[in-house]
Amino acid sequence: MTKDRQIQIDLPRDVREILAALRSAGYEAFAVGGCVRDSLLGRIPDDWDITTSASPQEVKQVFRRTVDTGLQHGTVTVLQSGTGYEVTTYRVDGNYSDGRHPDSVTFTRSLAEDLCRRDFTINAMAYAPQEGLVDLFGGRQDLADGVIRAVGEPERRFSEDALRMMRAVRFSAQLGFSIAPETFAAIRELAPTLARVSAERIRVELVKTLLSTHPERIREMYEAGLTAVFLPELDACMRVPQNHPHHVYTVGEHILRSVCAVRADTVLRLTMLLHDIGKAQTRTTDENGTDHFYGHAERSAEMAQEILRRLRFDNETREKTVRLVQAHDRMIAQTPAAVRKAAAKIGPDLFPLLLEVKEADLAAQSDHCREEKAEAIRAVRSLYEQILADADCLTLKDLAVNGSDLIRDGARPGPGLGKILGALLEEVQEEPSRNTRAYLLARARELRGMSRDPGNA
Ligand code: ATP
Ligand code: MG
């Protein structure tokens, strides 16, 4: 069945108006792709894409306010009540031999040809009020069955654009669907060709998978051979056992479970994905057969740095993730002073995230001492909440004196000054009531007197 007039999708007014304007100018026009899929699933689409028989020039003649977003790919953004809608001419794509853009784009007047170039049956449906649903490849049935299936012959479709292999797993993770066996078999076969795809495009799909409701589907990327291309470090972990009372899973399984246990936030999910990534390289087994991973947090942080650079993550995401990976295993004693120091060390902005990381890490470990470990994290959190409520001084920025104050008070500029400020901060971290100018200046004088550094005589 191709057209189904029984199905009604509630189109937003802007979209109805755009379709109507194109139609009254004599062209075909449909809502297409993700918005049709999401509507049929009863989800609210993020954005509405429109496909039309009109050429980009013709689209521009129909609407007064347009932006040339990607004319060479046939896309014009139409501004309707202040919102932009992408209107794309029916097209047939060539190969993506550079892994970034189709080599060629040919416009066509056939909706069927446009739907053929789309990746999966559930993404290849179009809808307009007059025609109802246009579903040439059984997308509706696959939606009902929860299946991701390539449009046409999967090997061919993945050879045209290898990123589609990542997209298959990404949609399966977002929707909780399974991948059709022929489609999965083709991914297995062609996974090495993902190497042709740019890091940026891979990163987008990885992040969407991590933030989905089923990030554990990264296991399918591993099983299919996709992580071997963009995250071989994870493959190594999937094969590393952890013979230790705190653990029951291989490093890789522990990693995947910890990813699921943390809130859906890019930095947090990336941190869990990478927190133990250095374990494959740091494992030693003692004479009792127990495994140890000394220095794994440092090693994981170094590797995270390299991996996130390679995948072209922005600096802020990379830096936060690396800091959290590095700190994930640090013990924090349950005293206010220890919590202030730990928060200052990683930075007050990241400290609450560090506690979430520790909780997720614990959730993916064995039951051994679980309750005590959970209680320790809760105690640290409540100490931290009290510290925030009291607005205690945590970092040099909050200290009641700074370097210029000390210099005005007779200290000499130089490295000795930094040491004194560090010592003052530590005293205040121990006892916040010491954070007054009078106390700190007096202490600084004492410290200068004690110092044998001639620069601070
Ligand atoms: P979402 O926006 O929620 O991530 P989506 O389905 O809208 O999901 P987009 O990446 O926005 O996904 O793409 C819009 C549509 O374009 C898809 O539904 C699909 O029909 C088509 N499409 C996108 N990328 C590809 C691709 N690499 N190969 C084939 N078709 C694609
Ligand atoms: Mg979209």
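Numbering of ligands and ligand atoms starts at 1, following listing order. In this chain, residues are counted from 1 in sequence order.
- Every N/O-N/O distance between Arg157 and ligand 1 stays at or above 3.5 Å.
- On a distance-only criterion, Gly34 and ligand 1 share at least one N/O pair closer than 3.5 Å.
- Using 4.0 Å as the threshold, Phe171 has a heavy atom nearer than that to some atom of ligand 1.
- Distances between N or O atoms of Asp119 and those of ligand 1 include at least one value under 3.5 Å.
- Interface atoms of ligand 1 facing Arg118, defined by a heavy-atom separation under 4.0 Å, are 15 (C), 16 (O), 19 (C), 20 (O), 21 (C), 29 (C), 30 (N).
- Among all protein heavy atoms, the one lying closest to atom 14 (C) of ligand 1 is Asp49 OD2, 3.9 Å.
- Looking at Lys208 next to ligand 1, an N or O pair under 3.5 Å apart turns up.
- At a threshold of 4.0 Å, the pair Arg109-Glu58 counts as salt-bridged, since one of the basic side-chain nitrogens sits closer than that to a carboxylate oxygen.
- A salt bridge links Glu160 to Arg164: one of the charged nitrogens lies within less than 4.0 Å of a carboxylate oxygen.
- Looking at atom 26 (C) of ligand 1, its nearest protein heavy atom turns out to be Arg164 NE, 3.7 Å.
- Contacts between Arg170 and ligand 1 below 4.0 angstrom, taking non-hydrogen atoms only, involve the side chain exclusively.
- By the 3.5 Å distance cut-off applied to N or O atoms, Asn123 is counted among the residues near ligand 1.
- A 4.5 Å side-chain heavy-atom check between Ser53 and Leu111 finds every atom pair outside the cut-off.
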| task | Go through the steps for His244 and Gln242 under the test side chain to side chain donor-acceptor pair (under 3.5 Å), then give the verdict. | result | CA-CA 6 Å; His244 193 282; Gln242 307 191 84; over 6 Å; no

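- Aromatic ring pairs are classed by plane angle as parallel below 30°, tilted from 30° to 60° and perpendicular above 60°; the pair His247 and His254 is perpendicular.
- Exactly one of Thr66, Asp68, Thr69 qualifies for a side chain to side chain donor-acceptor pair (under 3.5 Å) with Thr77. That residue is Thr69.
- The distance between the ring centers of Phe351 and Tyr384 falls below 6.0 angstrom.
- More than 12 heavy atoms of other residues, nucleotides or ligands sit less than 6.0 Å from atom CG of Asp286.
- Between Gln174 and ligand 1, no pair of N/O atoms sits closer than 3.5 Å.
- Remark: ligand 1 atoms within the under-4.0 Å shell around heavy atoms of Gly33 are 18 (O).
- Between Glu306 and Arg309, no side-chain nitrogen of the basic residue sits less than 4.0 Å from a carboxylate oxygen of the acidic one, so the salt-bridge criterion is not met.
- Relative to atom 17 (C) of ligand 1, the option among Arg167, Glu205, Arg37 with the closest non-hydrogen atom is Arg167.
- Where the criterion is an N or O separation shorter than 3.5 Å, residue side chain and backbone included, Asp161 meets it with respect to ligand 1.
- Test Asp142, Leu143, Leu136 against Thr121 for side-chain contact (heavy atoms from CB on, under 4.5 Å) and you get one pass: Asp142.
- Within the listing of ligand 1, atoms 29 (C), 30 (N) sit less than 4.0 angstrom from a heavy atom of Arg117.
- Remark: atom 11 (O) of ligand 1 lies closer than 4.0 Å to no protein heavy atom.
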